[in-house]
Amino acid sequence: MSADSLTHWGGEPVATLRELWGVPTVEAYERLSSTNDRAKELAAEPGHTFAVVVANQQTAGRGRRGASWHSPPGSGLWMSVVLPSAPALHLPLLVGLAAAQAIDGLEPTERSVRVGIEWPNDLVVGSRKLGGILCEGAGDAAVAGIGINVRTPAGGFPEELTGRATSLEEQGAKAMSHNTLCGLIVSALERLLARPSPRLEPEVLADLRARDALADRPVLTEEHGPGTARGIEADGALVLERPDGSRVRVLAGSVRPA
Ligand code: BTN
């Protein structure tokens with residue numbers, strides 16, 4: 001393990017977090033290139049399903065489609081979890097839903113935060129990005145990387161994110177330790193992935209649809225061009241209504257509000 005590994009995280013011994021969360025492994029780091037990279041190494045060894053890797057700072061945090069992910073020290077929850085099966089179309093949606101439900105589970109304040117999901121991997125509040133999900137294959141398993149902006153970084157978000165990013169703090173969520181939020185996400189993930197299936201269960205799909213931040217909005221998709229987003233299907237596809245009224249299933253590529 002690297003010299004930057006921690007025996008305590010958020011004031012708790014890492015061994016206690018492992019027991020509390022009921023997972024085989026918890027690794028915490030002050031600094032790591034990317035928690036997904038370390039989780040992939042764990043996934044290559046037996047016995048690490050639901051292993052959790054967290055870092056206070058990532059020096060080479062990755063976003064979807066080769067983007068870098070701004071991961072300054074202490075301002076966000078940067079975590080990865082080794083999952084039991086290979087990535088499927090609906091996996092980032094399930095992981096995003098776990099994060100959204102975990103945030104709902106924080107003690108509410110006068111302004112409780114309602115987290116939306118922008119297909120396929122963004123966590124949003126209104127039109128601002130609160131976090132993102134990066135699911136990657138790791139042999140027969142998958143690694144789910146989750147980044148959530150807990151506080152607004154001391155000097156603000158970098159210029160390219162100004163006006164596009166937000167944090168739980170900015171949204172008035174109750175201040176909580178990163179390990180509390182991480183534990184809530186891990187238990188939501190265990191619950192949502194308890195019965196692996198290529199199709200989302202009806203109540204899971206209902207929650208996703210209720211959080212679908214693109215529903216009935218004009219969007220521009222990389223795969224099929226412009227149209228109106230018409231909801232998420234049980235296998236995780238996004239339905240796009242094209243300008244001529246025909247409908248297609250979006251399976252890949254970027255989708256952004258037009
Ligand atoms: C995105 O919105 O493009 C996905 C962002 C995913 C960021 C998280 S932070 C923890 C994990 N480690 C990484 O390098 N990336 C993910």
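Residues: numbered from 1 along the sequence shown. Every number for a ligand or one of its atoms is a count from 1 in the order of the listing.
- At least one N or O atom of Thr35 sits closer than 3.5 Å to an N or O atom of ligand 1.
- Of the residues listed (Arg199, His90, Arg249), the one engaging Asp235 in a side-chain hydrogen bond (donor to acceptor under 3.5 Å, both in side chains) is Arg249, and it is the only one.
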Discussion item. What verdict does the salt bridge (charged side-chain N to carboxylate O under 4.0 Å, His left out) test give for Asp37 and Arg62, after you've listed the backbone C-alpha separation in whole Å, the side-chain angles of each residue and the deciding distance to 0.1 Å?
Written reply: CA-CA 10 Å; Asp37 290 345; Arg62 287 184 282 112; 2.3 Å; yes
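- Checking Gln171 against Thr166 by side-chain atom types alone, a donor-acceptor pair falls below 3.5 Å.
- At least one heavy atom of Gly61 sits less than 4.0 Å from an atom of ligand 1.
- Identified under the side chain to side chain donor-acceptor pair (under 3.5 Å) test for residues 76-89, with sequence neighbours left out: Thr35-Ser80, Asn36-Ser80.
- Here the heavy atom of the protein found nearest to atom 5 (C) of ligand 1 is Trp69 CE3, 3.4 Å.
- When Arg38, Glu118, Arg62 are ranked by how near their heavy atoms come to atom 14 (O) of ligand 1, first place goes to Arg62.
- Side chain of Arg209 to main chain of Gly231: no donor-acceptor pair is present (N/O by atom type, distance under 3.5 Å, no hydrogens or angles).
- Counting protein heavy atoms only, atom 2 (O) of ligand 1 is closest to Lys129 NZ, 2.6 Å.
- For Glu203, the CD atom is densely surrounded, since the number of other residues' heavy atoms within 6.0 Å is greater than 12.
- Residue Asp122 approaches ligand 1 through these ligand atoms, each under 4.0 Å from one of its heavy atoms: 2 (O).
- Every atom of ligand 1 with a heavy atom of Met79 under 4.0 Å away is listed here by number and element: 10 (C), 11 (C).
- Near Asn36, the atoms of ligand 1 lying under 4.0 angstrom from a non-hydrogen atom of the residue are 11 (C), 12 (N).
- For atom 4 (C) of ligand 1, the nearest non-hydrogen atom of the protein is Ile133 O, 3.5 Å.
- Regarding atom 3 (O) of ligand 1, its nearest protein heavy-atom neighbour is Arg64 N, 2.6 Å.
- Remark: ligand 1 atoms within the under-4.0 Å shell around heavy atoms of Gly145 are 11 (C), 16 (C).
- In the vicinity of Gly63, heavy-atom distances shorter than 4.0 Å reach the ligand 1 atoms 1 (C), 3 (O), 4 (C), 5 (C).
- Applying the 4.0 Å criterion to heavy atoms of Ser34 picks out, from ligand 1, the atoms 12 (N), 13 (C), 14 (O).
- The shortest heavy-atom contact between Leu251 and Glu223 is N-OE1, 2.8 Å.
- With respect to atom 9 (S) of ligand 1, the closest heavy atom belonging to the protein is Gln58 NE2, 3.3 Å.
- Atoms of ligand 1 found under 4.0 Å from any heavy atom of Asn121 (numbered from 1 in listed order, with element): 1 (C), 2 (O), 3 (O), 4 (C).
- Nearest heavy-atom pair, Gly96 versus Ile117, reported as atom, atom and distance to 0.1 Å: C-CD1, 3.7 Å.
- Residue contacts with ligand 1: Trp78 is placed with no nitrogen or oxygen under 3.5 Å of a nitrogen or oxygen of the ligand (distance criterion only).
- Here the shortest heavy-atom pairing between Leu42 and Ala51 reads CD1-CB, 4.1 Å.
- Between the side chain of Arg211 and the backbone N or O of Val115 there is at least one donor-acceptor pair closer than 3.5 Å.
- Annotation for Arg18 and Pro24: closest pair CD-O, 3.1 Å, computed over non-hydrogen atoms.
- Note on ligand 1: Arg65 sits outside its first shell, no heavy atom being nearer than 4.0 Å.
- When heavy-atom distances to ligand 1 are checked against a 4.0 Å cut-off, Asp37 has no atom that comes that close, whether in backbone or side chain.
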